[in-house]
A.B. asks: 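What follows is a single structure, and I will ask about it in a moment.
Whatever order the structure lists them in is the order used to number ligands and atoms, beginning at 1. What's counted below: heavy atoms across the whole structure, side chains too, no hydrogens, waters or symmetry copies.
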Amino acid sequence: MKNFDPKYNDIPKTEIHCHLEGAIRTQTIIDVAREYNLNLPAYEVAELDKHVKVLDQMRDLQAVLKAFDIFQNSITSPAVVERIAWELFEDSARQNIKLFEVRFSPDWAFHGHNLDWDESLEGILRAKERAEKQFDMAIGLIAITSRGMGADSCIRTVDWAIRNRQHIHAVDLADGELLYPMGDFVKPILKAKDAGLKVTIHSGEDTPASAVWDTVHAFQPDRIGHGIHSIEDMKVVDLLRERGITLEVNPWSNYLTNSVPAIEAHPLKKLFDLGVRVTINSDDPEVLETNVNNEYRIAREILGMSMDEIAVCNRFAFEASFIESAAKQKIWDKYFTPAS
Ligand SMILES: [Zn+2]
């Protein structure tokens, strides 16, 4: 489903919801396994793809979890972290993404091989600096804390992000909203906010509108990851609109994970028409075999948004981007034509 149709490729783009761990090229997994003597179910791209990509809506959860084991085990050194980040920036630049935010969970990504978080961050920063120069793009970083890793992990991640706030723009609470209630995470996330970090929360992906309502009231987030089930309650839609909260929407991801029953049923355009600040993103471009160009194709050709409406989504993403104002404004003025 990767799409490089010039009709979409030529448009300058923003992306504000993309997971580093879900963006590792299959060839890179193979190269790393050879270099570090790791076991893989296959050593050919086409064969390994069957183990590391979700191509059908009904793919079972166990298979997906196994794929994530492979990703975690592939992150073997800060040099590998740098390579993965660089390749993601390169793939983003290829689609003409000019404003790009990448997120990663240090406690998950660097846990498999016990990597030093600061050294791994330095690898990402080297890749970022090189990509910003070579591709003339602006890149932002978000630290994820995964609900499934518990409250202590959240505290550790927030403290680390605060210590590195010169480079980390925001924190994101992700993963298992259905399984892990928010209570344990409110205090550390609010601490991040108090320290000047921005906040985005995965909510309303596989949970009802009420979860978004509770999230907005508990965390006062700047943005919400997904948030698509807000459409089920106009009270929640009104709340998002009143507070100007931006949704980071990932249509193809929502379809593959059964968060919407069919891609045609995706509420992206409905939310847009209701005045919610929606943006268009890829989530896990390698795992889900998608890219922002593909998400634009879905928005345009399946959900019926116009190119002007898609340009407005880009403006929403620019306005809500956590990247420093001067850096994002420079890129915006240079590449994006203003959308009304
Ligand atoms: Zn996500």
Side-chain angles (χ1 to χ4, degrees), residues 1 14-24 52-54 57 59 61 64-65 67-68 71-72 84-85 88 91-92 97 100-109 139-149 153-154 157 161 168-180 182 185 189 198-207 211-212 215 219 221-230 245-260 266-268 271 277-292 294-295 298 313 316-317 320-322:
M1 273 296 190
T14 56
E15 171 153 45
I16 59 173
H17 190 120
C18 180
H19 294 255
L20 182 70
E21 301 91 330
I24 311 176
V52 295
K53 288 193 190 293
V54 179
Q57 190 183 23
R59 177 111 186 222
L61 187 66
V64 176
L65 292 179
F68 274 93
F71 304 137
Q72 193 183 37
I84 292 167
L88 172 58
D91 291 343
S92 302
I97 294 173
F100 182 67
E101 293 181 13
V102 59
R103 59 188 68 198
F104 58 97
S105 169
D107 214 4
W108 187 86
I139 296 170
L141 305 181
I142 300 172
I144 297 177
T145 165
S146 312
R147 292 181 178 93
M149 298 193 78
S153 172
C154 184
T157 305
I168 304 284
H169 299 100
V171 291
D172 169 26
L173 180 61
D175 170 45
E177 198 188 10
L178 268 177
L179 295 172
Y180 308 98
M182 65 173 72
F185 308 106
I189 297 290
K198 301 287 187 183
V199 171
T200 176
I201 311 274
H202 276 71
S203 179
E205 178 181 8
D206 55 356
T207 49
V212 176
T215 294
F219 299 101
D222 301 281
R223 307 191 321 221
I224 300 255
H226 301 283
I228 54 166
H229 287 280
S230 307
I245 294 172
T246 299
L247 300 188
E248 307 155 357
V249 181
N250 310 276
W252 190 242
S253 167
N254 296 146
Y255 165 69
L256 287 177
T257 61
N258 289 305
S259 297
V260 292
H266 197 285
L268 173 71
L271 287 161
R277 302 173 72 89
V278 289
T279 62
I280 304 170
N281 309 280
S282 73
D283 210 7
D284 295 290
E286 283 300 313
V287 185
L288 307 175
E289 189 59 12
T290 187
N291 57 14
V292 181
N294 185 46
E295 304 296 331
I298 291 167
C313 293
F316 289 152
S321 169
F322 299 145

A.B. asks: Are any N, O or S atoms from E205 nearer to the Zn ion (ligand 1) than 2.8 Å?
C.D. replies: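 So E205 does not count as coordinating the Zn ion (ligand 1).
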
A.B. asks: Under the criterion side chain to side chain donor-acceptor pair (under 3.5 Å), I'd like the reasoning laid out for E15 against S92: C-alpha separation, chi angles, the key distance, then a yes or no.
C.D. replies: CA-CA 9 Å; E15 171 153 45; S92 302; 5.0 Å; no

A.B. asks: So, the side chain of R103 versus the backbone of V171: is there a donor-acceptor pair under 3.5 Å, distance only?
C.D. replies: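 It does not hold such a pair.
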
A.B. asks: Using the side chain to side chain contact (heavy atoms under 4.5 Å, CB included) definition, which of the options V249, V212, V278 pairs with I228?
C.D. replies: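 Single pass found, and it is V249.
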
A.B. asks: Decide, counting backbone as well as side-chain atoms, whether H17 has an N, O or S atom less than 2.8 Å from the Zn ion (ligand 1).
C.D. replies: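 For H17, the answer is yes, given that an N, O or S atom comes within less than 2.8 Å of the Zn ion (ligand 1).
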
A.B. asks: Among the N, O or S atoms of D283, which one sits nearest to the Zn ion (ligand 1)?
C.D. replies: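 In D283, the heteroatom (N, O or S) nearest the Zn ion (ligand 1) is OD1.
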
A.B. asks: Looking only at non-hydrogen atoms, find the nearest pair between L88 and P285 and report the distance.
C.D. replies: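 Closest approach of L88 to P285: CD1-CG, 4.3 Å.
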
